[in-house]
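Each chain gets a letter, A, B and so on, in the order its sequence line appears, and its residues count up from 1. Heavy-atom basis, side chains included; hydrogens, waters and symmetry copies ignored.
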Number of protein chains: 2
Amino acid sequence: MERQDIYESESLTFILSRMMKLRRSNVHLLLRDQEVYPGQPPLLFHLSRHEGHSQKEIAQHLQLTPATVTVMLKRMEKTGHVERRPDPQDQRISRAYLTDKGREALSEVKEAMNFLEIQCFQHISEEEKRMMRRLLLQMYDNMKSFEQSLLTEKDQPNRK
Amino acid sequence: MERQDIYESESLTFILSRMMKLRRSNVHLLLRDQEVYPGQPPLLFHLSRHEGHSQKEIAQHLQLTPATVTVMLKRMEKTGHVERRPDPQDQRISRAYLTDKGREALSEVKEAMNFLEIQCFQHISEEEKRMMRRLLLQMYDNMKSFEQSLLTEKDQPNRK
DNA sequence: CACTTATATTTAGTCGACTAACTAATTTTT
DNA sequence: AAAAATTAGTTAGTCGACTAAATATAAGTG
């Protein structure tokens with residue numbers, strides 16, 4: 001069955017996305033007891049380091065849209081991990097805080113995610129990790145340049 | 001602004017997911033003229049190689065749930081890229097085929113995706129790519145083992 | 001043959017991610 | 001001071017991905 005074709009694939013991005021998908025699924029399994037979904041740890045971590053950030057600040061840091069942050073925070077309010085309070089000086093601004101429940105969940109999430117990270121890099125040396133880091137950043141830069149060229153192209157009247 | 005902290009991050013998986021997110025966004029920009037969404041190329045490619053596969057077969061190959069395949073195919077039927085026909089021998093089975101429009105879109109998508117892949121790996125040597133492939137497969141295997149251990153744990157009566 | 005079990009797909013609901021449009025508050029301009 | 005522009009967040013809608021339950025069809029059993 002072609003379930004195994006990750007081992008035959010020449011496409012690195014294919015392997016990458018399969019690996020990331022599996023990782024995400026493992027995150028899900030790991031976090032189920034904490035009522036935390038796979039997309040939420042980055043937000044939890046951010047709030048633990050930046051108590052009371054506005055939604056705009058959160059969105060910028062996590063590179064998400066404001067709409068996504070609103071929806072996520074709303075859900076996390078619902079599970080009791082987060083609370084939002086209006087800024088005293090500016091009624092447009094909403095600031096997010098971890099609740100006690102949120103902090104509790106967070107420490108377990110931190111532990112779980114660290115554990116996962118260690119498992120993920122089993123049998124991979126520090127040197128190899130360093131090389132991979134360099135290559136990934138190169139890829140990121142390449143994609144950033146590519147994005148720029150696409151967006152520039154988009155603004156051209158004579159595009160295509 | 002901490003938008004730049006990908007360059008400071010020690011977490012490879014963080015860098016990985018940021019890079020993959022950016023890539024996906026670029027795929028989106030590239031495919032907008034073809035009425036194709038970033039999740040659809042794998043399914044289009046599969047159908048071009050396996051004309052008439054059942055939804056179950058598609059789901060197994062792409063490692064998606066049947067529900068996801070149903071919803072995706074329905075959307076692609078709507079845009080006219082795909083048509084579904086019942087199997088003549090078994091009324092439970094639905095088989096998917098590319099339309100002419102789908103084939104047309106596919107060839108442009110193929111071109112675009114190849115172009116993107118080339119851009120992604122600029123300034124990275126063949127040797128480096130080989131190493132990265134090995135490391136990614138190792139990570140995949142690690143995550144696979146981890147998943148197994150989690151699922152085994154899940155079936156234990158005395159878990160946690 | 002009737003009933004039970006298995007199979008393939010669908011539907012409804014959840015999540016995160018985006019876009020576009022909207023709402024309310026604040027700042028800037030006239 | 002009033003109007004216009006900007007800002008922060010929200011809502012509605014789209015996508016893909018999953019889960020659980022439902023539906024229709026086929027296979028197996030007594």
By nearest atom, which of the nucleotides [options] is closest to the [X] side chain?
X     : options                : result
B:Y37 : C:dA8, C:dT11, D:dC15  : D:dC15
B:K56 : D:dA17, D:dG9, C:dA8   : C:dA8
A:Q91 : C:dA8, C:dA25, C:dT14  : C:dA25
A:S94 : D:dC18, C:dT9, D:dG9   : D:dG9
A:R75 : C:dC15, C:dT9, D:dG9   : C:dC15
A:T68 : C:dT14, C:dA17, D:dT11 : C:dA17

So what does [X] touch, heavy atoms closer than 4.0 Å: a base, only the sugar-phosphate, or nothing?
X     : answer
A:T70 : base
A:S25 : nothing
A:T65 : base
B:R84 : sugar-phosphate

> Quick one: are A:L31 and A:E108 in side-chain contact, heavy atoms under 4.5 Å?
Replying inline: no
>> Under a plain distance cut-off of 3.5 Å, with no hydrogens placed, do B:E57 and B:S54 share a side-chain donor-acceptor pair?
In response: yes
>> We want to know whether A:R75 and A:Q40 form a side-chain donor-acceptor pair, criterion being a heavy-atom distance below 3.5 angstrom.
In response: no
>> Between A:K21 and D:dG16, is there a contact of a side-chain N or O with OP1 or OP2 at under 4.0 Å?
In response: no
Show which side-chain atoms of residues 129-139 of chain A pair as donor or acceptor with protein atoms under 3.5 Å away, not counting sequence neighbours.
unit_1	atom_1	unit_2	atom_2	d
A:K129	NZ	A:E126	OE2	3.4
A:R130	NH2	A:E127	OE1	3.1
A:R133	NE	B:S9	O	3.2
A:R133	NH2	B:Y7	O	2.9
A:R133	NH2	B:S9	O	3.1
A:R134	NH2	B:E128	OE2	2.7
A:Q138	NE2	A:N142	OD1	2.9

> Pick the nucleotide of DNA chain D nearest each of B:A67 and B:Q40; which residue has the one closer to the 5' end?
Replying inline: B:Q40
What is the distance, rounded to the nearest whole Å, between atom [atom1] of [X] and atom [atom2] of [N]?
X     : N      : atom1 : atom2 : answer
A:M72 : D:dT10 : CE    : P     : 14 Å
A:L43 : C:dG16 : CG    : P     : 9 Å
B:E77 : D:dC15 : CD    : C1'   : 17 Å
B:M20 : C:dG16 : CE    : C1'   : 16 Å
A:I93 : C:dA25 : CD1   : P     : 13 Å
A:L64 : D:dT10 : CG    : P     : 15 Å
A:K74 : D:dT10 : NZ    : C1'   : 7 Å
B:Q55 : D:dT23 : CD    : P     : 19 Å

>> Salt bridge check, B:R103 against B:D100: does any charged N sit closer than 4.0 Å to a carboxylate O?
In response: yes
>> Quick check with a 6.0 Å cut-off and a 45 degree axis cone: is B:R85 positioned over the face of B:Y97's six-membered ring?
In response: yes
> Hey, is the side chain of B:R92 pairing donor to acceptor with the base of C:dT7 inside 3.5 Å?
Replying inline: yes
>> Nearest heavy atom decides the nucleotide; on that basis, is A:G39 or A:D90 closer to the 5' end of DNA chain C?
In response: A:G39
